[in-house]
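All figures in this text were calculated on a predicted structure; none of them were measured in a lab. Quick note on labels: first sequence line is chain A, next is B, and so on, each numbered from 1.
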Amino acid sequence: MALEAAGGPPEETLSLWKREQARLKAHVVDRDTEAWQRDPAFSGLQRVGGVDVSFVKGDSVRACASLVVLTFPELEVVYEESRMVSLTAPYVSGFLAFREVPFLLELVQQLREKEPGLMPQVLLVDGNGVLHHRGFGVACHLGVLTDLPCVGVAKKLLQVDGLENNALHKEKIRLLQTRGDSFPLLGDSGTVLGMALRSHDRSTRPLYISVGHRMSLEAAVRLTCCCCRFRIPEPVRQADISSREHIRKSLGLPGPPTLRSPKAQRPVACPKRDSGESSGEGQPPQDHSPGPRTAPRPGSQEQTGKDWQ
DNA sequence: GCGACAG
DNA sequence: ATCTTGTCGC
């Protein structure tokens with residue numbers, strides 16, 4: 001009995017959640033509050049954090065929450081914490097935070113206690129910020145509760161406020177030619193909710209960046225781009241890898257022996273300035289260097305031209 | 001009834 | 001979110 005899984009949470013719960021979102025939304029700061037955010041090279045920024053929650057396959061309760069901290073601009077992992085958790089809230093579009101934030105918050109607080117010196121100056125969050133049904137996505141939620149600058153990094157367009165992944169939208173995506181190209185996501189309400197960003201030269205599918213907390217959209221987009229060795233920004237990608245690996249181990253699965261040492265790779269060159277929009281800007285060919293980098297393992301998540309998922 | 005649906 | 005190897009392209 002009592003399997004509310006079929007119909008999701010009762011209206012009463014959703015109503016409470018909406019009220020909570022509205023209450024916290026008043027605390028969101030959607031502009032730059034730190035000096036480094038306005039610096040063309042982000043000088044002053046030394047640590048970028050990433051969070052993610054991975055799930056156990058056949059289980060709707062067990063999951064693993066991870067927080068990682070990377071140096072900037074090197075993007076080397078200097079902190080990693082993963083924790084198995086028992087999910088309480090179900091996933092409901094528009095209420096992702098109530099499912100994941102409690103655990104992410106715990107991870108941040110644990111870091112604050114045990115390694116305050118490693119506290120990230122900004123968090124990249126898997127999901128949306130103000131690009132949300134009620135303007136308060138998971139990145140805003142975590143940002144307000146931790147009071148850390150946060151950026152929403154979504155892999156799919158959340159179709160709200162008139163935004164649609166239609167032919168016109170796809171056409172705009174097609175015009176994003178190189179890393180750093182982007183276009184604004186203007187909602188019917190007349191507000192720019194976020195930006196579609198081509199984060200990597202070899203990835204067609206854009207990222208949907210939106211303000212989480214204490215950072216302007218412009219800085220958020222610029223920073224995200226500076227964190228991308230692949231399509232998914234390293235902080236989020238590393239958090240994802242960590243949480244999945246943690247799950248494997250906790251399940252006693254036959255994980256790959258110890259095949260992990262990507263060698264420090266050079267940080268991605270940040271698009272200088274003028275990452276305004278469109279493409280076609282004078283971007284001289286830069287592919288002359290024979291990148292001796294470790295072969296980008298195809299099994300990752302980038303360059304997999306599956307646009308239908 | 002049909003479509004949409006961050007993670 | 002999760003299931004998954006190979007495979008096509010630069």
How long is the line joining [atom1] of [X] and [atom2] of [N], in whole Å?
X	N	atom1	atom2	result
A:Ile247	C:dA1	CD1	P	12 Å
A:Gln159	B:dG3	CD	P	14 Å
A:Asp52	C:dA1	CG	C1'	9 Å
A:His133	B:dA4	NE2	C1'	9 Å
A:Met195	B:dA6	CE	P	22 Å
A:Leu207	B:dG7	CG	C1'	15 Å
A:Phe230	C:dC10	CZ	P	19 Å
A:Leu131	B:dC5	CG	C1'	14 Å

Legend entry - Ring-ring centroid check A:Tyr208 A:His132, cutoff 6.0 Å: no
Determine: side-chain N/O of [X] to OP1/OP2 of [N], distance under 4.0 Å, yes or no.
X	N	result
A:Lys155	B:dA6	no
A:Tyr91	B:dA6	yes
A:Lys156	B:dA4	no
A:Arg244	C:dT2	yes
A:Ser54	C:dT2	yes

Tell me what [X] touches on the nucleic acid: a base, only sugar-phosphate, or nothing, going by heavy atoms under 4.0 Å.
X	result
A:Phe95	base
A:Gly94	base
A:Asn128	base
A:Val138	base

Inset, instruction - Go through the side-chain N and O atoms of A:Thr13 and A:Glu11 and say whether any donor and acceptor fall under 3.5 Å apart. - result: no
Inset, instruction - Ignoring hydrogens and angles, state whether a donor on the side chain of A:Ser66 or A:Asp52 is under 3.5 Å from an acceptor on the partner side chain. - result: no
Legend entry - Closest listed nucleotide, where the reference is the side chain of A:His132 and the choices are B:dA6, B:dG7, C:dT2: B:dA6
Inset, instruction - Report the nucleotide, chosen from C:dT2, B:dC5, B:dG7, that has the shortest atom-to-atom distance to any side-chain atom of A:Lys57. - result: C:dT2
Inset, instruction - Would you please test A:Arg214 and A:Asp32 for salt bridge (charged side-chain N to carboxylate O under 4.0 Å, His left out) and show each step? - result: CA-CA 6 Å; A:Arg214 293 177 53 176; A:Asp32 295 321; over 6 Å; no
Inset, instruction - Go through the steps to decide whether A:Phe136 and A:His27 satisfy the test ring pair (Phe, Tyr, Trp, His ring centres under 6.0 Å), and finish with yes or no. - result: CA-CA 10 Å; A:Phe136 194 73; A:His27 294 65; 9.2 Å; no
